[in-house]
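Working notes, structure below.
Since this is a predicted model, take the numbers as computed values, not measurements.
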Amino acid sequence: MDQNQTHELPKTYDPSQFEDRLYSMWMEKGYFTPDVKDERPPFCIVIPPPNVTGQLHMGHALDETLQDILVRYKRMQGFNTLWVPGTDHAGIATQIKVEENLRVNEGITRYDLGREEFLKRVWDWKDKYGNRIISQLQKLGSSCDFTREAFTMSDNLSDAVRKVFVTLYNKGLIYRGLRITNVCPHCNTVISDAEVDYQEIDGAFWHIRYPIKGEEGKYVVVATTRPETMLGDTAVAVAPGDERFADLVGKTLILPLVGREIPVISDENVDPEFGTGCVKITPAHDPNDYETGLRHNLENIIVIDNTAHITEAGGKYAGMDRFEARKQIVADLEAGGYLVKIEKCTHSVGHCYRCGTILEPVASRQWFVKMKPLAEPAIEAVRRGDTSFIPDRFSKNYFNWMENIKDWCISRQLWWGHRIPAFYCEDCGEITVAEKDVAVCPKCGSHKITQDEDVLDTWFSSALWPFSTLGWPNSTEELKKFYPTSVLVTGYDIITFWVSKMIFMGLEFMGEKPFSHVFIHGLVRDAQGRKMSKSLGNGIDPLEIIDKYGADALRFALATGNSPGNDMRFSDEKIEAARNFANKLWNASRFVRMNLTIDKVELPAADKLAAEDKWILDKFNALVASVTANLDKYEVGVALSALYDFVWDVFCDWYIELTKARLNEKESEGCLIAQNVLAYVLIGTLKLLHPFMPFITEEIYQALPHGAACDLESIMISDFPKYDAALEFPEESADTERLIAVIRAIRARRTEMNVPPSRKTKVYVETKYASSFGEMTYPFFLRLASASEVEVAASFAGVISADDAAQIVTDAATVYLPISELVDTAKEKERLTKELAKTEGEISRLSAKLGNAGFVAKAPAAVVEAERAKLVKYEETAEGIRNALSKLK
RNA sequence: GGAGGCAUAGCUCAGUUGGUUAGAGCGCACGGUUCACAUCCGUGAGGUCGAGAGUUCAAGUCUCCCUGUCUCCACCA
């Protein structure tokens, strides 16, 4: 767009008319792509990569909005700014989606296709949904550098994954081991502890007799919620020192239905108070029993497989589904006289967080990351403050997790993901872990090599995100320039899943923290405060909101009132308020635009400025300071509400109104000055607002003449306003504040007395603050206070009779409105007396405070001074009221 | 069981290291066809800041305790 070509703004604010056009313009100009060689200080954010499972939801919209605000802010402040976009392959989640799709549309499973063909299908899916996510990011206005778009399974990132795996393996930090892990029979894979979703369900305790060998008719009773696991029992444990069972320890029991002989052991893990005090031990299917098994050298008998069917070891129950087997076993126990009773109970049971299936704990061989050595430096880094959480309380979450961390199970029995780079020799059993595929066994030379079938946990690759996306393991310019990144913006729900892993991986492989700050936001909930979810059907699609209200309104609604770490509700009222604000800004800008006759904006010299000009500049300057300080603290919501108040209450409701008189004096010097100040403040405000509402601010900016200081083709690349001490005008500001207070008081009084706006009255302003009420201010009374005429004097004694006028007292002035027929002297007296009492109350409160030696001695001087100033104002008001009262008959 | 959050106007929420007469949006009441905007303008009502105690010259803000509510982590056979 021609930088000198300005245009009128259309009458209605219609974001659909310009949002896409402006976004394309920014892309074409390459504003989102930084130059790595640029010497200015870097600012970098890597996006928390959305899963390629579907489309963006409100949570993403919030996350991207906050990031874009920071990125645009820093870019305008002159930082060399990079925001890396990308997506996550999301192992299980995506595989399940694609399998579901196959089932519904083609009636087949992944096994029908085979691994290779299935993966092709997943890649097709990824292309489709990955692109959709990118275009949604763009709709929101995200200023990501799309030339650096990343994907966790791209070649480059896969190289990084392999290198990390091999390095950790060689350091002994990755090992293969037998553990009780949670298996999802539906997904047919192990899932990590963090992916277990515990839910309370109604279940039962089955009390079962286990006969004692060689003691006819004697038995112990155990209680279990999962009777089918008895097939794998290899002991019964009692608490050490439990006198009831002391003589049992060492005896042998006969496992019912199975006939296996199992010992009674004593183990500290048993709570004698709970259940029967005797615990059946199934080391292969319960984490606690597994530990007990290790202590007592018990055999692990796996009786349930990964699909929740009974294994060969389960004898006659082999092949049965676990719940079918449970039924049968209970029936058989009952028939055999082993069942004592069934006791109803509710207990919490692990469910798959993806598909909701009840999980089965199974002992199996898996790959693990040894966490202790990695966690320690990661804890230290946060403790030292290398990386800090905003708000700080989330560091407690982090410590709590990291200090109690368990080894991380990283293998998954899936097809979609990074295949584990471990190669097994069928001849000699050698395991080779290598970055490059292995074809020949390095130990025996055999060619019978098979790669591990499993893939890595999806968080393994996203743990490397802050450096893999910048080119690691290659030593790139990007890494040198932008690592460590500046801030990570994410929700509190994935601090443990993801943030903690990036921290220890970054420290391990880059030798440095991955980011300086972790800016945590909450969840976006629905209008009733419920989590948005598919099952509830209460999700709101950000794209629909954008279509209806515009991306700026959506961004505003998400950013305003949002405070770090706290959940927020999204409602129609909120988005409407946001749209209304955009509309307000649009119309104010339209007003300024249509009154401009100048083609360059230049701030007039101070001595040319009217008091209200200085007032608005002073206010604007304070706004700059506030917005900057709050953005620097990640107080995005506070910064934005300061902008809202300024635009609506200060700029529109007062300043614009105050300029109208001058603007109507066409071609006068005052008119030109007002135009310049209006445009100057508007342009500055647009810049402050641009990070939050990029589209509307750009569209308006394009329509305005800019002038020497801001003669740019886009607001995006303009400088963010800086606080300027030369724009402080405390005295003139005070003058204008007094004026505003008086106008407000007149309006209030007129409303109270039911004087219709059409009824104009003369206004007598009795004041000692002549500078606040000079002749230049008379038009303000005519326009804003329904005045027909204005007179200002130090005293109106003998000019107007108080009994015929409504008297309005502020600290700066007493105003007389001659509306004799509406004035009831008795009422007037009563009202003033009441007001006086209230004012005197304040005076005595303040006097007491100021008379308190402790206060004067200990409070900061500025606070004491402010209280004194307040007291003076109240005293002036009180005096005014007394005066007014004395004039009444 | 361990950790943490929240509780402020009818509703939804701000309130930054303690320091004006505690604010906003929506809603409500009254009044407005002012030439930017009815997606608007003006005026107003409405709060003992969950209960109690403490620290301090000063507490919505800090400490303790209680109540209600939500979240995360662990998880009992």
Side-chain angles (χ1 to χ4, degrees), chain A residues 9 11-13 193-194 198 205 222-226 229 237 269-271 273-276 278-282 286-289 347-348 350 393-394 396-397 399-401 404 492-493 495-496 522-523 527 529 549 560-563 565-569 571-574 576-595 626 629-630 633 635 637-638 641 644-645 649 652-653 656-657 660 664 744 747-752 754-758 783-784 786 838 841-842 845-846 849 852-860 862-864 866-867 869-870 873-874:
Chain A
L9 292 162
K11 186 160 166 56
T12 27
Y13 164 62
D193 294 346
Y198 286 92
F205 263 133
V222 298
T224 180
T225 54
R226 292 185 298 152
T229 60
N269 216 12
V270 179
D271 174 3
E273 306 293 318
F274 192 86
T276 64
C278 301
V279 187
K280 60 190 272 308
I281 301 297
T282 323
D286 182 278
N288 286 320
D289 292 4
H347 57 140
S348 83
R393 66 184 139 91
F394 288 102
K396 289 177 197 158
N397 257 11
F399 290 134
N400 196 26
W401 166 263
N404 299 298
Y492 57 71
D493 50 333
I495 292 174
T496 51
L523 269 46
Y549 298 97
T560 191
N562 191 283
S563 62
N566 290 342
D567 290 353
M568 62 173 303
R569 300 187 190 204
S571 60
D572 288 347
E573 290 77 41
K574 219 166 239 174
E576 277 167 17
R579 188 268 323 270
N580 292 353
F581 176 68
N583 184 64
K584 186 73 182 175
L585 179 66
W586 184 264
N587 279 295
S589 305
R590 226 158 54 79
F591 172 82
V592 173
R593 176 69 194 83
M594 66 180 46
N595 279 288
S626 162
N630 281 299
K633 287 188 295 190
E635 288 286 356
V638 177
S641 66
Y644 179 97
D645 292 344
D649 302 339
C652 292
D653 287 351
I656 283 184
E657 296 304 327
K660 282 180 178 173
N664 281 347
R744 281 209 162 108
R747 285 172 176 172
R749 194 65 210 292
R750 288 178 55 105
T751 303
E752 196 184 310
N754 290 318
V755 186
S758 51
R783 289 182 159 271
L784 306 175
S786 305
K838 206 176 150 200
E842 287 301 323
R845 192 182 59 82
L846 278 172
K849 199 170 182 182
N852 181 333
F855 174 71
V856 179
K858 294 184 184 174
V863 173
V864 178
E867 297 293 295
K870 237 186 294 170
K873 278 197 172 189
Y874 281 120

With the side chain defined as heavy atoms from C-beta on, A:Ala748 is closest, among B:rG44, B:rC76, B:rC73, to B:rG44

On a whole-Å scale, what distance lies between the P atoms belonging to B:rG19 and B:rU61? 10 Å

Can you tell me which nucleotide in B:rG4, B:rA77, B:rA36 comes closest to the side chain of A:Lys396? B:rG4

Complement of B:rA29, any strand, by Watson-Crick or G-U distances under 3.5 angstrom: B:rU43

Please give the distance between the C1' atoms of B:rG50 and B:rA38 as a whole number of Å. 40 Å

Can a side-chain donor-acceptor contact be found between A:Thr560 and A:Lys574 if the only test is distance below 3.5 angstrom? no

Is there a Watson-Crick or G-U wobble partner for B:rA74 with both distances under 3.5 Å, and which nucleotide is it? none

Please check the phosphate of B:rC40 (OP1 and OP2 only) for any side-chain N or O of A:Asn580 closer than 4.0 Å. yes

Quick one: is B:rC73 close enough that its OP1 or OP2 comes under 4.0 Å of any side-chain N or O from A:Asn404? no

How far, in whole Å, is B:rG5 from B:rA77 if one measures between their P atoms? 30 Å

Out of B:rC57, B:rU12, B:rG4, minimum distance to the side chain of A:Ala859 belongs to B:rC57

Looking at B:rA77, B:rC26, B:rC41, which one has an atom nearest to any side-chain atom of A:Asp653? B:rC41

Any strand: nucleotide that pairs with B:rU34 via Watson-Crick or wobble, under 3.5 Å: none

Is B:rA51 paired to anything, Watson-Crick or G-U wobble with both distances less than 3.5 Å, and if yes, which nucleotide? none

Pairing partner of B:rA24 (Watson-Crick or G-U wobble, both distances under 3.5 Å): B:rU12

Rounded to whole Å, CZ of A:Arg749 lies from C1' of B:rU43 at a distance of 14 Å

If you check the A:Phe274 side chain, which of B:rU12, B:rC76, B:rA36 turns out closest? B:rC76

In terms of the angle between their ring planes, are A:Phe274 and A:Phe205 parallel, tilted or perpendicular, with boundaries placed at 30° and 60°? perpendicular

Is the distance from OP1 or OP2 of B:rA14 to the nearest side-chain N or O of A:Ser563 less than 4.0 Å? yes

Against the side chain of A:Phe855, the closest entry in B:rC57, B:rC13, B:rU39 is B:rC57

Identify, with sequence neighbours excluded, every residue that meets side-chain hydrogen bond (donor to acceptor under 3.5 Å, both in side chains) alongside A:Lys584. none

Which whole number of Å gives the distance between the C1' atom of B:rU8 and that of B:rC13? 9 Å

OP1 or OP2 of B:rU39 sitting under 4.0 Å from any side-chain N/O of A:Arg579? no

Give me the distance, rounded to whole Å, that separates B:rG15 from B:rA9 when you measure between the P atoms they each carry. 15 Å

Just the rounded figure in Å: distance from P of B:rC70 to CG of A:Asn566. 17 Å

Nucleotide of B:rA36, B:rG31, B:rC26 approaching A:Pro757 most closely (side-chain heavy atoms): B:rG31

Which one is paired to B:rC6, where only Watson-Crick or G-U wobble pairs with both distances under 3.5 angstrom count? B:rG68

Please say whether more than 12 non-hydrogen atoms of neighbouring residues, nucleotides or ligands are located less than 6.0 Å from NZ in A:Lys660. yes

Quiz question: by atom type and distance under 3.5 Å, do the side chains of A:Tyr492 and A:Asp567 form a donor-acceptor pair? yes

For atom NZ of A:Lys870, is the number of surrounding heavy atoms from other residues, nucleotides or ligands below 6.0 Å larger than 12? yes

A:Arg393 side-chain proximity, nearest of B:rG2, B:rA77, B:rG4: B:rG4

In whole Å, what separates the P atom of B:rG60 from that of B:rU55? 16 Å

